[in-house]
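Note that these values count all heavy atoms, side chains included, but never hydrogens, waters or copies made by symmetry.
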Amino acid sequence: MRTVILYFLVCLLGSTSAAQAISFSEVTSAEGKGEAFNFDRTMSDYFDALAGKRLDKARKATAAVRENAPNPRLGQALAQLLEAPIAAAQNKDDKARDLLAAGEAASPDTPELLGLTLPAFLYVERADFAGTTVDRMIARAPDLVRGLEPDLVYLLLDDTGEAQSVLDDRRIALAELNFGGADGDYLASSAVGVLMKRDQIARALKILPDIDSPRHVENLLILRRFAPLWPALAAQAGPGLSRSRESSVRLARQEYEADVSDPRKLAALFTALRYARRYPELWALKEKLPATPKEMAKADEQMGWAVNEMALALHQDNRGDEADRLFASLNDSLPANDWRVSMFINRTALLMADGKFAEALPLIERAEKEPKSPFAAQLLRRWRYCALVRLSRATEAAALRTEMMKNADAAKAATVEGLLCAGEVDEAEKLALGFLADDDFQKDFVRSLQRKRLTDVEQTAWGNWTALRSRPAISAAFEKYGRDLPDDLLISEGTN
């Protein structure tokens with residue numbers, strides 16, 4: 001998370017927002033001696049102190065900002081806002097709230113200042129206060145919110161310690177701002193899900209135009225809980241989702257061309273082109289990826305996702321060996337820790353889909369040694385179990401099965417797939433039916449049981465959910481929670 005926060009600070013302090021609103025990058029110290037006061041450096045010291053839990057040093061930086069501000073009112077407002085995270089770090093919550101309110105009241109014309117507290121609260125591990133800061137920024141400066149680092153904001157939509165209704169309200173408010181732009185379909189779709197549960201159909205319909213990623217459009221069109229939206233969404237998407245595909249590519253290209261140095265925008269464009277199956281346009285952009293092992297070793301997470309998207313597209317276009325070589329160039333240049341675990345998992349998925357179980361196993365073992373989320377750990381268990389079964393290593397598979405089942409809740413659909421790979425269809429059915437109360441699993445369930453392949457669904461050599469579709473209980477559950485995507489909305493297999 002520290003990397004995400006630092007990226008946010010670079011964007012905030014290096015842009016025209018906070019620094020220009022404050023306008024004291026070159027203010028002589030109050031004593032009239034020594035070097036000019038440097039706001040950016042002082043703020044860097046402040047954030048470093050918070051990250052290291054050195055609250056006294058953070059207070060000194062706050063005092064320096066107050067003393068060197070162009071005017072006393074601005075200095076006082078800044079000091080109050082910067083002292084709030086210090087109070088929150090000491091669990092003095094009422095004091096932190098009072099400082100925030102006072103700082104806001106003293107800076108009615110500079111809402112940018114409030115943005116400085118967002119990373120500060122995250123550094124002191126108070127995501128609840130950071131979430132409140134985003135809420136206040138949405139109310140006071142929506143344009144500033146649109147420019148925030150998405151990964152940082154997404155941290156504030158789950159597990160912040162706040163009530164779920166507060167998190168849901170924040171999700172809806174961000175979606176109504178079209179936060180995330182070309183890469184914001186997941187947020188918008190999840191906000192629509194909340195609004196449908198609240199029976200706020202008219203409000204959900206207003207967000208639909210911001211959802212054009214074929215994968216997310218398909219999800220809304222196959223899940224029965226979104227049935228009231230189907231006519232409007234089908235008209236918006238067009239035959240074969242043609243209008244959605246065109247819209248998603250156009251927006252992603254527009255955002256990328258506005259900032260070609262941003263690998264996040266490149267990855268979003270790759271995703272849009274892949275989902276639209278516009279492969280020639282995608283191949284023409286391959287030169288934007290790192291070309292040598294040395295360059296690949298410098299790849300950050302967003303460039304890693306761009307490589308990932310290109311590899312997935314190659315595989316979809318029946319160029320599996322090329323896809324694996326591209327993944328290998330990334331995997332072999334970097335350790336398997338942190339975000340890179342995802343690239344090992346996705347490379348493994350393609351090898352498993354092609355029936356290359358022996359080749360997949362060493363990758364799984366390498367990734368398993370690294371720290372990872374419970375979800376990622378269960379994905380790897382699923383693949384390892386599948387590979388061991390398919391390689392007739394029954395004793396090892398049996399030992400792993402117990403651990404896989406014990407952690408089934410960490411990745412529900414993946415666990416069902418592990419059982420299906422092993423031919424345990426009865427157990428897979430039982431597990432799937434037991435998971436259907438979970439909204440996310442419902443989506444995976446309905447999507448995986450489609451009679452015809454949807455966007456981003458791979459053919460596999462080890463079998464798939466079709467073994468379940470004919471079972472009466474599964475068939476009834478499918479009809480309850482979803483439907484097959486109508487033929488006129490399916491993307492043609494020959495689409496390019």
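- Using cut-offs of 30° and 60° on the angle between ring planes, the pair Phe441 and Phe435 is perpendicular.
- In summary, Asp440 and Lys412 do not engage in a salt bridge, as defined by a charged side-chain N under 4.0 Å from a carboxylate O.
- Using a 4.5 Å heavy-atom threshold, the side chains of Thr133 and Met137 count as touching.
- Counting heavy atoms of neighbouring residues, nucleotides and ligands inside a 6.0 Å radius, atom CG of Asp488 exceeds 12 of them.
- In the model, Ser190 has a side-chain atom that pairs as donor or acceptor with a side-chain atom of Arg171 under 3.5 Å.
- Val145 has its side chain within reach of Ile138: a pair of non-hydrogen atoms, C-beta onward, lies under 4.5 Å apart.
- Between the CG atom in Leu449 and the OG1 atom in Thr466 there is a gap of 9.0 Å [rounded to 0.5 Å].
- Minimum heavy-atom separation, Thr160 to Leu155: CG2-O, 3.9 Å.
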From CA spacing to verdict: side-chain hydrogen bond (donor to acceptor under 3.5 Å, both in side chains), Arg469, Gln450
CA-CA 9 Å; Arg469 180 70 189 257; Gln450 295 289 303; over 6 Å; no
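- Here Leu312 contributes atom CG and Asp317 contributes atom CG; the two are 12.5 Å apart, rounded to the nearest 0.5 Å.
- Side chain to side chain, Trp465 and Glu417 meet the donor-acceptor criterion of an N or O pair below 3.5 Å.
- For the pair Ser475 (side chain) and Arg471 (backbone), a donor-acceptor distance under 3.5 Å is absent.
- A side-chain donor-acceptor contact under 3.5 Å links Gln316 and Tyr279.
- Atom CG of Leu50 sits about 9.0 Å away from atom OH of Tyr123, to the nearest 0.5 Å.
- Ring to ring, Phe226 and Trp230 are not that close: their centroids are 6.0 angstrom or more apart.
- In this structure, Tyr186 places its OH atom where only 12 or fewer heavy-atom neighbours from other residues, nucleotides or ligands lie under 6.0 Å away.
- Contact check on Glu281 versus Arg253 returns a salt bridge, with a Lys/Arg side-chain nitrogen under 4.0 Å from an Asp/Glu carboxylate oxygen.
- Using modelled atom types, no side-chain atom of Glu309 and backbone atom of Arg274 make a donor-acceptor pair closer than 3.5 Å.
- In this structure a side-chain-to-backbone donor-acceptor pair under 3.5 Å is present from Arg224 to Glu479.
- No side-chain donor-acceptor contact under 3.5 Å links Thr117 to the backbone of Ala120.
- Closest heavy-atom contact between Ala397 and Val389: CB-CG2, 3.8 Å.
- In plain terms, the two heavy atoms of Asn308 and Asn346 that are nearest each other are OD1-ND2, 2.8 Å.
- Counting heavy atoms from C-beta outward, Lys443 and Ile222 have side chains that stay 4.5 Å or more apart.
- With rounding to the nearest 0.5 angstrom, the CG atom of Asp300 is 9.5 Å from the CZ atom of Arg264.
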Apply side chain to side chain contact (heavy atoms under 4.5 Å, CB included) to residues Arg447 and Glu218 and explain how you reach the verdict.
CA-CA 9 Å; Arg447 189 174 182 84; Glu218 287 169 346; 2.9 Å; yes
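- Arg384 has a carboxylate O that lies under 4.0 Å from a charged side-chain N of Glu368, or vice versa, which qualifies the two as a salt bridge.
- Counting heavy atoms from C-beta outward, Asp185 and Val217 have side chains that stay 4.5 Å or more apart.
- Annotation for Leu326 and Met296: closest pair CD1-CE, 4.5 Å, computed over non-hydrogen atoms.
- Ring geometry for Phe445 versus Phe478: interplanar angle of 30 to 60°, hence tilted.
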Could you walk me through whether Lys406 and Glu403 pass the salt bridge (Lys or Arg N to Asp or Glu O under 4.0 Å) test, one step at a time?
CA-CA 5 Å; Lys406 184 174 68 174; Glu403 185 180 4; over 6 Å; no
Using the side chain to side chain contact (heavy atoms under 4.5 Å, CB included) rule, take Lys197 and Asp439 through it: C-alpha gap first, then chi angles, then the decisive distance, then the call.
CA-CA 11 Å; Lys197 284 186 175 181; Asp439 284 353; 2.4 Å; yes
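- Between the side chain of Arg146 and the main chain of Gly181, no donor-acceptor pair closer than 3.5 Å is present.
- Taking the side chain as every heavy atom from C-beta outward, Arg401 and Met405 approach each other to under 4.5 Å.
- A cation-pi contact, defined as under 6.0 Å to the ring centre and within 45° of the axis, is absent between Arg278 and Trp283.
- Under 4.0 Å is where a charged nitrogen must lie from a carboxylate oxygen, and between Lys298 and Glu295 no such pair does.
- In summary, Arg340 and Glu370 do not engage in a salt bridge, as defined by a charged side-chain N under 4.0 Å from a carboxylate O.
- Residue Leu289 holds its CG atom at 6.5 Å from CG of Leu266, rounded to the nearest 0.5 Å.
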Decide side-chain hydrogen bond (donor to acceptor under 3.5 Å, both in side chains) for His315 and Asp354; before the verdict, give the C-alpha distance in whole Å, the side-chain angles of both, and the deciding distance to 0.1 Å.
CA-CA 10 Å; His315 192 269; Asp354 292 340; 3.0 Å; yes
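- Minimum interatomic distance between Ala367 and Phe344 (heavy atoms only, all atoms of both residues): CB-CB, 4.1 Å.
- Checked by atom type and distance alone, the side chain of Gln442 pairs as donor or acceptor with a backbone atom of Leu436 at under 3.5 Å.
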Between Leu490 and Leu454, does a side chain to side chain contact (heavy atoms under 4.5 Å, CB included) hold up when you go through it step by step?
CA-CA 7 Å; Leu490 285 164; Leu454 301 184; 3.8 Å; yes
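- Just one of Ser244, Ser248, Ser247 meets the side chain to side chain donor-acceptor pair (under 3.5 Å) condition when paired with Asp212; it is Ser247.
- Checked by atom type and distance alone, the side chain of Thr415 pairs as donor or acceptor with a backbone atom of Ala411 at under 3.5 Å.
- Using a 3.5 Å distance cut-off with no hydrogens or angles, the side chains of Asp168 and Gln164 do pair a donor with an acceptor.
- When atom types are taken as modelled, the side chain of Gln302 and the backbone of Asp262 share no donor-acceptor pair closer than 3.5 angstrom.
- Side chains of Trp383 and Leu361 form no contact here, defined as non-hydrogen atoms less than 4.5 Å apart.
- Inter-residue side-chain proximity for Met196 and Pro228 is flagged as met; some heavy-atom pair is nearer than 4.5 Å.
- Proximity of a side-chain donor or acceptor of Arg381 to a complementary backbone N or O of Ala408 within less than 3.5 Å is not detected.
- Lys356 has a carboxylate O that lies under 4.0 Å from a charged side-chain N of Asp321, or vice versa, which qualifies the two as a salt bridge.
- Scanning all heavy atoms of the two residues, the minimum distance from Leu221 to Arg483 falls at O-NE, 2.8 Å.
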Residues Glu322, Arg325; criterion side chain to side chain contact (heavy atoms under 4.5 Å, CB included); working and verdict
CA-CA 5 Å; Glu322 276 187 77; Arg325 285 195 297 271; 3.3 Å; yes
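- Distance check: Leu118 CG to Leu152 CG gives 5.0 Å after rounding to the nearest 0.5 Å.
- Considering only heavy atoms from C-beta on, Cys421 stays 4.5 Å or farther from Tyr385 through its side chain.
- Ion pair Asp259/Lys265 not flagged as a salt bridge, since none of the NZ, NE, NH1 or NH2 atoms sits closer than 4.0 Å to an Asp/Glu carboxylate oxygen.
- A donor-acceptor pair under 3.5 Å links the side-chain atoms of Asp484 to the main chain of Arg451, judged by distance alone.
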